[in-house]
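Structure first, commentary second.
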Amino acid sequence: MADIVSARRLQPGETLFVEGEPADRLFNITAGTMMVYRLLPDGRRQITGFLFPGDFLGFGSESVYHYSAESITVVELCRFSRPELQRLLERFPAMEQRLFGMASHELAAAQDQMVLLGRKTAQEKVASFLIMLSERAAQRGQKSNPVSVPMSRSQIGDYLGLSIETTSRVFSRLKQKKIIARRPGDRIEILDRDTLAAMAEGA
């Protein structure tokens, strides 16, 4: 594996690849936060996911990338040539099964986002988003509370299908109700997880 991998570092706001480019490389995030998005026919941006250390970009058998990827924070990645990785997987089937499992996780995350953009209200979407970030942090072996939220309100809105004004208004309401609180840096503390979880489920 070490023979076919190289490292790459991105500064905040730097593009890794653009939708429609040849999908000749696969990436694994080792540090930082990225977003993936698609441009809608009317020019608006739809963010389809936020990615964290351990996540992969570029899975699939398509010849081109079907989304664009941009760094939110400073990001460090491992970069693999797709043809070289494919030859390696042919030699080590167990590794291929593990990578397919990661690809399945990527699909599940996309399906979760579709639910968020379904019939949930703005408050339910924001609550679900914060719970999701907390659970993802726990899965990575990090503290689940306070939650690191390096995304801007505009980016969160583009992910949830909300305007920046609505997104900011919901965050303010949750703070006023003492369900969450802003902490130094980009962290948000969940003060009342039960209520937030109930909101996420529409209760």
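Within the 4.5 Å cutoff, side-chain heavy atoms of V74 are placed close to those of P12. Side chains of E14 and R8 form a contact here, defined as non-hydrogen atoms less than 4.5 Å apart. Between M151 and M35 the shortest side-chain heavy-atom distance does not fall below 4.5 Å. When side chains are defined from C-beta on, D194 does not count as touching L196, because their heavy atoms never get closer than 4.5 Å. Looking only at side-chain heavy atoms (C-beta outward), I188 and L133 stay at 4.5 Å or farther from each other.
Residues satisfying the salt bridge (charged side-chain N to carboxylate O under 4.0 Å, His left out) test with R169, not counting sequence neighbours, are none. Taking A69 as the reference, L16, F17, M34, V36, L57 meet the side-chain contact (heavy atoms from CB on, under 4.5 Å) condition, with sequence neighbours excluded. Judged as a side-chain contact (heavy atoms from CB on, under 4.5 Å), and not counting sequence neighbours, the contacts of Q142 are A137, R140. Judged as a side-chain contact (heavy atoms from CB on, under 4.5 Å), and not counting sequence neighbours, the contacts of K175 are I180, R182. In this structure E76 satisfies the side-chain contact (heavy atoms from CB on, under 4.5 Å) test together with R9, T30, A31, sequence neighbours excluded.
Between the side chain of S71 and the backbone N or O of Q11 there is at least one donor-acceptor pair closer than 3.5 Å.
Within the model, atoms CE of M199 and NZ of K120 stand 13.0 Å from one another, a figure rounded to the nearest 0.5 Å. To the nearest 0.5 Å, atoms CG (L51) and CG (N28) are separated by 10.5 Å. The distance from the OG1 atom of T167 to the CG atom of L162 is 4.5 Å, given to the nearest 0.5 Å. Rounding to the nearest 0.5 Å places CZ of R45 at 4.5 Å from CG of D158. The CD1 atom of I164 lies 10.5 Å from the OG1 atom of T166; values are rounded to the nearest 0.5 Å. Between the CD1 atom of I131 and the OG atom of S144 there is a distance of 9.5 Å, given to the nearest 0.5 Å.
For the side chain to side chain donor-acceptor pair (under 3.5 Å) condition, the pairs that include at least one residue of residues 33-42, sequence neighbours left out, are E19-R38, D42-R44.
Cluster annotation: Y159 and L39 are assigned to the same hydrophobic cluster (Ile/Leu/Val/Met/Phe/Trp/Tyr, side-chain heavy-atom contacts under 4.5 Å, transitive). Grouping the Ile, Leu, Val, Met, Phe, Trp and Tyr side chains by contacts below 4.5 angstrom, directly or via other members, places L191 apart from F129.
Judged by the 6.0 Å and 45° rule, R136 forms no cation-pi pair with F52.
Closest approach of D24 to Y65, counting heavy atoms only: N-OH, 3.8 Å. Scanning all heavy atoms of the two residues, the minimum distance from K125 to G161 falls at NZ-O, 4.2 Å.
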